Amino acid sequence: MKWKILFLCLTAILGCSKSEIMKTPAKIVIAHRGASGYLPEHTLEAKSMAHAMNVDFIEQDLVLSKDDVPIVIHDIYLDDVTNVSEIFPDKKRNDGRFYVIDFTFEELKTLQVSERFDPKSGVQVYPNRFPKGKGAFRLHSLQEEIELIQGLNRSTNKNIGIYPEIKAPKFHQKEGKKLTKIVLKILSDYGYTTKKDRCILQCFDAKELERIRKELHSELFLVQLIEFPEEAKNLEYFATFADGIGPWYRQILDKKVDEKWTFTTLVSDAHKLGLKVHPYTFRADQLNEFTSFEEMLEILLIEANVDGVFTDFPDLVVHFLNEKK
Ligand code: G3P
Ligand code: CA
């Protein structure tokens with residue numbers, strides 16, 4: 001009875017349904033560019049696979065097309081994940097790169113998406129992943145991905161969230177593009193406006209994330225991405241507009257003492273300010289300082305006590321957390 005009353009109080013305070021509260025896990029699994037360890041990143045196929053793996057959130061990196069459609073792609077460039085250099089050889093800029101922003105959505109749809117490769121050498125970045133150049137993958141818009149995830153949520157009775165990132169806001173501004181406003185409008189059209197909705201909005205550019213909160217008055221859950229260790233000194237400033245931080249995982253590790261990892265104060269400092277911590281990127285085929293993926297998860301997810309992880313191998317993290325329950 002006591003638990004029932006407590007639950008009803010929580011429901012009233014948080015203003016969300018029973019299923020939303022019960023399904024919110026202590027630590028979240030974010031499918032980084034989809035299940036990108038198994039299928040080419042940011043394809044609808046990789047997103048469907050991640051959905052089937054029961055992740056909590058699926059990530060979308062966003063860049064605008066020439067005709068203002070937010071495209072789900074990691075970079076402002078096309079030449080490291082598509083065959084653009086074969087299809088539109090004349091559309092490269094003076095720096096030798098092909099830019100998403102120079103192509104209409106219709107043109108982008110004609111490109112074949114591939115497993116990531118080095119555009120200079122043509123060599124696949126992660127050699128044991130899906131073979132480069134195989135398959136019939138295509139680029140897609142934010143709207144198309146949201147409709148896929150919301151559709152799968154309905155047909156599988158799940159409530160998996162989205163985790164969009166505003167990419168390169170300064171570049172878009174310089175090109176006269178309003179990426180952020182366009183994205184916020186689409187999110188709102190699809191029902192993502194508050195922290196209760198299953199949407200976390202992220203950005204590396206602190207000024208832009210601050211603008212999203214303070215000028216554009218977004219009430220979404222906001223995560224400030226951190227690229228360089230020295231940015232960690234700005235935590236108090238980030239806490240004035242963000243709900244969480246997304247650091248490179250290495251910024252959490254300090255050094256090994258007697259074969260045991262010690263940690264920086266980043267996670268505890270963030271937690272003191274009420275900020276969640278979602279480090280990137282956990283890759284089972286790029287272990288660096290760890291001897292196994294399990295070890296990486298044990299040290300960072302459990303010992304360092306982060307609140308969630310961006311991973312290319314979401315099934316392995318879901319399995320790890322289920323085993324811990
Ligand atoms: O956005 C967090 C995570 O995705 C790491 O950044 O460079 O892969 O977009 P990036
Ligand atoms: Ca990202």
Side-chain angles (χ1 to χ4, degrees), residues 27-43 46-47 50 55-64 70-81 100 113 115-119 125-126 129 139-142 145-146 149 161-172 179-180 183 187 199-206 208-209 212 220-229 231-232 238 242-253 266-267 270 275-286 288 296 300-301 306-314 317:
K27 294 180 192 288
I28 63 168
V29 181
I30 307 146
H32 180 250
R33 311 180 199 173
S36 56
Y38 306 102
L39 279 162
E41 67 186 52
H42 283 318
T43 56
K47 305 306 172 88
V55 297
D56 299 290
F57 289 85
I58 298 174
E59 188 197 33
Q60 301 79 32
D61 293 314
L62 298 170
V63 177
L64 271 191
I71 306 299
V72 183
I73 186 167
H74 180 259
D75 295 305
I76 57 175
Y77 312 113
L78 288 161
D79 38 42
D80 40 18
V81 287
V100 178
V113 176
E115 180 63 37
R116 175 168 288 276
F117 57 95
D118 179 336
V125 174
Y126 297 99
R129 294 193 182 183
L139 291 167
H140 62 273
S141 65
L142 172 62
E145 181 157 338
I146 291 175
I149 293 170
I162 61 170
Y163 206 130
E165 178 182 345
I166 304 289
K167 277 282 173 195
K170 286 199 179 72
F171 168 79
H172 282 92
L179 172 63
T180 299
V183 168
L187 294 178
C199 174
I200 298 179
L201 186 62
Q202 48 167 338
C203 191
F204 275 103
D205 186 319
E208 186 66 356
L209 206 66
I212 288 170
L220 287 168
F221 194 105
L222 301 182
V223 163
Q224 176 63 53
L225 298 171
I226 301 179
E227 188 172 6
F228 304 107
E231 293 174 68
F238 296 156
D243 304 289
I245 56 167
W248 179 36
Y249 79 84
R250 197 65 189 76
Q251 293 167 9
I252 291 165
L253 298 171
L266 183 62
V267 177
L275 296 166
K276 297 283 187 193
V277 183
H278 299 162
Y280 60 85
T281 302
F282 286 54
R283 296 182 168 110
D285 55 357
Q286 191 179 54
N288 301 326
M296 182 181 194
L300 285 157
L301 253 176
V306 301
D307 304 290
V309 295
F310 287 90
T311 179
D312 293 3
F313 295 86
V317 184

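None of the values given here were measured: they were computed from a predicted structure. Atoms within a ligand are numbered from 1 in the order they appear, just like the ligands themselves.
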field: Matching residue for Val267 among Leu275, Val306, Asp307 - test: side-chain contact (heavy atoms from CB on, under 4.5 Å)
entry: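 Filter result, single survivor: Val306.
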message: With side-chain contact (heavy atoms from CB on, under 4.5 Å) as the test, pick out the partner of Pro169 among Leu179, Asp205, Ile212.
response: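 Only match with Pro169 under side-chain contact (heavy atoms from CB on, under 4.5 Å): Asp205.
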- prompt: Hey, does the side chain of Lys47 reach the backbone of Glu59 with a donor-acceptor pair shorter than 3.5 angstrom?
  reply: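 Present.
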task: Taking His32 for its side chain and Glu41 for its backbone only, find out whether a donor-acceptor pair lies under 3.5 Å.
output: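 Here the side-chain-to-backbone pair does not exist.
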task: Could I get the full list of side-chain hydrogen bond (donor to acceptor under 3.5 Å, both in side chains) partners for Thr180, not counting sequence neighbours?
output: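 side-chain hydrogen bond (donor to acceptor under 3.5 Å, both in side chains) list for Thr180, sorted by chain: Glu208.
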- prompt: Quick one: how many protein N/O/S atoms are under 3.0 Å away from the Ca ion (ligand 2)?
  reply: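 Considering protein N, O and S only, the Ca ion (ligand 2) has 3 within range.
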With sequence neighbours excluded, residues passing ring-ring contact (aromatic ring centres under 6.0 Å, His included) with Tyr38: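 So Tyr38 forms a ring-ring contact (aromatic ring centres under 6.0 Å, His included) with Phe313.
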message: Which heavy atom of Glu231 sits nearest to which heavy atom of Phe228, and what is that distance?
response: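 Heavy atoms only, the tightest pair is OE2-N, 2.7 Å.
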- request: Please name the pair of heavy atoms, one in Leu139 and one in Ile73, separated by the smallest distance, quoted to 0.1 Å.
  value: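 For Leu139 versus Ile73, the nearest heavy atoms are CD2-CD1, 4.0 Å.
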- request: Mind jotting down which protein residues get a heavy-atom contact under 4.0 Å with ligand 1? Chain and number order, please.
  value: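 The answer is His32, Arg33, Glu59, Asp61, His74, Glu165, Lys167, Gln202, Phe204, Leu225, Tyr280, Phe310, counting any residue whose heavy atom sits under 4.0 Å from ligand 1.
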message: Would you call the rings of Tyr280 and Phe310 parallel, tilted or perpendicular, taking 30° and 60° as the class edges?
response: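 Tyr280 and Phe310: perpendicular rings.
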